[in-house]
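Everything quoted here is computed from the prediction, not taken from an experiment.
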Amino acid sequence: VRIHHMAAQHNQRILGIGISLGRPVSALLTSLESDGRANSEFNNGLPLHTRLDNTEITAWNGVAQQPDGKVVVAGEVVESGHMASIVVARFLSNGTFDESFNQGRGYVLTALDEHWAAGTAMTLQRDGKIVVAAFAKVGDALVPVILRYWHSSSDAPSSANAQASYLDPSFGKDGQVYLDFNGTTEGAISAGALQPDQKIVVACSVGSGFGLARFNPDGSLDTGFGTGGRVTGEFNPQELGLRVTGLHIFDDEKILRTAEQSDGIGNVPAIAKFNMDGSPDDGFGNNGKTIVSFIPPGQSHPLRGECGKSAV
C-alpha cells in the first residue's frame, strides 16, 4: 500500500488516499476517526479498494470533501492498451459511488488527445465545481494541464458524450487549460489551491526548479501575478532537481510552496513563501526560501530521505 495524500474531514475524521500495489493495482480510499480508529460508517470500517472498468491500474492522487460530506477524488486509470486517462470520482460518506455524479456512474474519465494523462491534485470551488491539476505526456515531455468539471449531472448539459460534457466549457478551452512557463511546457503540476476570490494557484516542477501560476476563474492567466501570471525559480542550481510536494494559501493570500530538493544523496525539504503578487516574501527565510535540515544529535550532516506530499 502507498498513501499519496491525507486530508481532514469536516467532522474531525481523516481521509487517506493512494494505491494498493497488488495485481491489478487498485485505488485506495480510507476514513479514520480522530483517534486513529477505522470509521465504521465508511465501507463498514474497511479500506475501500477501487478498480474502474477492468483497468490495469487505478490510483487516487487528490482528495477533498464537499460541505455535504461527499468525498471527491482525482487520479489516473491505465487501460489494458497502456493508455492512461484522468479520473474524477465522487463517493457518498459511506463509501459507495454517488449516482448523482455523471449520470449514475459516480465517476468520469477524461482522455487528452490520446496522450498519457493523470490527475495529480484537486480542489473544490465554492459553487461545487471540481478543479483538477494534471499532466499529459507528449513525447518525452510532461505538459501541465488544468481541468474543471461540473458539480453534478443536473449542472452539466445533456449530451450523447457524457464524458466530454462533464468538463465545464466556460473554463479555458472546452474545460481545459494547457500551461507553459516562458516557452518551457515540461512539468507536472503537483499541487493546486484556491484563493478566497476563487483564483486558482498551481505549482509544478520546471526543469531543475519550480513554477507557480495563477489563473482567473475563467481559466485565463492572472497578469497581476509574477510575469504574465507565472513565477519560476530555483533553490540551488548546483543540485540535481526539485520536486514540488504541496501548496497552501494563507488568509492574507500569501502562498507557501513545499518541495523536496535532491543533492544526489537524498532529499531535503525546500520551502518557499510568496507575496500575493508572486514576489518572494522577504520576511521568510533567505529571500523567501529555506531548506529544512534534520540533524540528529551528535551528527554534522542532515538526514535525507523521501519527502511525501505536504499539507499545512
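- The minimum heavy-atom distance linking Gly288 with Pro280 is given by the pair CA-CB, 4.4 Å.
- Judged by distance alone, the side chain of Arg126 and the main-chain N or O of Pro196 form a donor-acceptor pair under 3.5 Å.
- To the nearest 0.5 angstrom, Lys289 atom NZ is 6.0 Å from Phe210 atom CZ.
- A distance of 9.5 Å separates CG in Asp251 from CD in Glu253, rounded to the nearest 0.5 Å.
- In plain terms, the two heavy atoms of Ile14 and Glu33 that are nearest each other are CD1-O, 4.2 Å.
- For Asn275, the side-chain contact (heavy atoms from CB on, under 4.5 Å) criterion is met by Lys254, Asp277, Ser279, Asp281, not counting sequence neighbours.
- Using a 4.5 Å heavy-atom cutoff, the side chains of Ile130 and Leu124 are in contact.
- Neither side chain, Asp174 nor Gln176, offers a donor N or O lying under 3.5 Å from an acceptor on the other.
- Inter-residue side-chain proximity for Leu256 and Leu247 is flagged as unmet; no heavy-atom pair is nearer than 4.5 Å.
- In this structure, CG in Leu48 is found 9.0 Å from OG1 in Thr30, a value given to the nearest 0.5 Å.
- Distance check, rounded to the nearest 0.5 Å: NZ of Lys199 to CZ of Arg214 gives 5.0 Å.
- Using a distance-only test at 3.5 Å, with no hydrogens or angles considered, no donor-acceptor pair links the side chain of Asn102 to the main chain of Gly106.
- Counted by atom type alone, Arg257 and Thr245 present zero donor-acceptor pairs between their side chains at under 3.5 Å.
- Remark: the Thr50 side chain and the Ser26 side chain contain no N/O donor-acceptor pair separated by less than 3.5 Å.
- When atom types are taken as modelled, the side chain of Thr58 and the backbone of Ala27 share no donor-acceptor pair closer than 3.5 angstrom.
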Determine whether Phe215 and Leu179 satisfy the following criterion, side chain to side chain contact (heavy atoms under 4.5 Å, CB included), listing intermediate values before the conclusion. CA-CA 10 Å; Phe215 296 87; Leu179 177 63; 3.8 Å; yes

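- With hydrogens and angles disregarded, no donor-acceptor distance shorter than 3.5 Å links the side chain of Asn216 to the backbone of Asp218.
- Side-chain contact check for Leu194 versus Ile249: every heavy-atom pair is 4.5 Å or farther apart.
- Between Tyr107 and Val88 the shortest side-chain heavy-atom distance does not fall below 4.5 Å.
- By the 4.5 Å heavy-atom criterion applied to side chains, Asn43 and Asn94 are not counted as neighbours.
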Could you go through Leu212 and Phe274, starting from their C-alpha distance and side-chain angles, then the distance that decides it, and tell me whether this counts as side chain to side chain contact (heavy atoms under 4.5 Å, CB included)? CA-CA 10 Å; Leu212 293 177; Phe274 302 87; 3.4 Å; yes

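- Panel note: side chain Ser85, backbone Val77; no donor-acceptor pair is recorded below 3.5 Å.
- Under the 4.5 Å side-chain heavy-atom criterion for grouping Ile, Leu, Val, Met, Phe, Trp and Tyr, Met6 is connected to Leu28 within one hydrophobic cluster.
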Evaluate side chain to side chain contact (heavy atoms under 4.5 Å, CB included) for Ser190 paired with Thr120, printing each intermediate quantity in order. CA-CA 6 Å; Ser190 303; Thr120 53; 5.7 Å; no

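- In this view, Lys137 and Trp116, Leu142 satisfy the side-chain contact (heavy atoms from CB on, under 4.5 Å) rule, not counting sequence neighbours.
- Between Val132 and Gly119, the shortest heavy-atom contact is CG1-CA, 4.1 Å.
- Under 3.5 Å, the side chains of Gln9 and Ser31 contain a donor-acceptor pair of N or O atoms.
- Nearest approach of Ala38 to Gly45, heavy atoms of both residues: CB-O, 3.3 Å.
- For the pair Arg90 and Ser100, the tightest heavy-atom approach, listed with the atom from each and the gap, is NH2-OG, 3.3 Å.
- Not a single donor-acceptor pair under 3.5 Å links the side chain of Asp168 to the backbone N or O of Trp150.
- Inter-residue side-chain proximity for Tyr149 and Leu167 is flagged as met; some heavy-atom pair is nearer than 4.5 Å.
- Remark: Asp127 engages Gln125, Lys129 in a side-chain contact (heavy atoms from CB on, under 4.5 Å) (not counting sequence neighbours).
- In the hydrophobic clustering of ILVMFWY residues, with side-chain heavy atoms under 4.5 Å counting as a link, Leu221 and Met276 come out apart.
- A distance-only check finds no donor-acceptor pair linking the side chain of Arg148 to the backbone of Val177 [under 3.5 Å].
- Looking at residues two or more places apart in sequence or on another chain, you find no ring-ring contact (aromatic ring centres under 6.0 Å, His included) involving Phe225.
- Every residue two or more places apart in sequence or in another chain was checked for a side-chain hydrogen bond (donor to acceptor under 3.5 Å, both in side chains) with Ser40, and none qualifies.
- Side chains of Gln66 and Asp68: a donor on one and an acceptor on the other come within 3.5 Å.
- Aromatic ring orientation, Phe91 versus Phe97: parallel (interplanar angle below 30°, classes split at 30° and 60°).
- Two residues are said to be in side-chain contact when any heavy atoms from C-beta on lie closer than 4.5 Å; Tyr178 and Leu112 meet this criterion.
- For Pro217 against Gln198, the heavy-atom pair with the smallest separation is CG-O, 3.9 Å.
- Between Phe101 and Tyr166, the distance from one ring center to the other falls under 6.0 angstrom.
- The CD1 atom of Ile3 lies 8.5 Å from the CD1 atom of Ile17; values are rounded to the nearest 0.5 Å.
- For Ile19, the side-chain contact (heavy atoms from CB on, under 4.5 Å) partners two or more places apart in sequence, or in a different chain, are Arg2, His4, Leu21, Val25, Ala59.
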Determine whether Ile86 and Leu109 satisfy the following criterion, side chain to side chain contact (heavy atoms under 4.5 Å, CB included), listing intermediate values before the conclusion. CA-CA 6 Å; Ile86 298 164; Leu109 304 179; over 6 Å; no

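- Atom CZ of residue Arg13 and atom OG of residue Ser93 lie 8.0 Å apart, to the nearest 0.5 angstrom.
- Proximity of Leu147 to Phe171: side-chain heavy atoms (C-beta onward) are nowhere separated by under 4.5 Å.
- The closest donor-acceptor contact from the side chain of Arg230 to the backbone of Asp180 lies under 3.5 Å.
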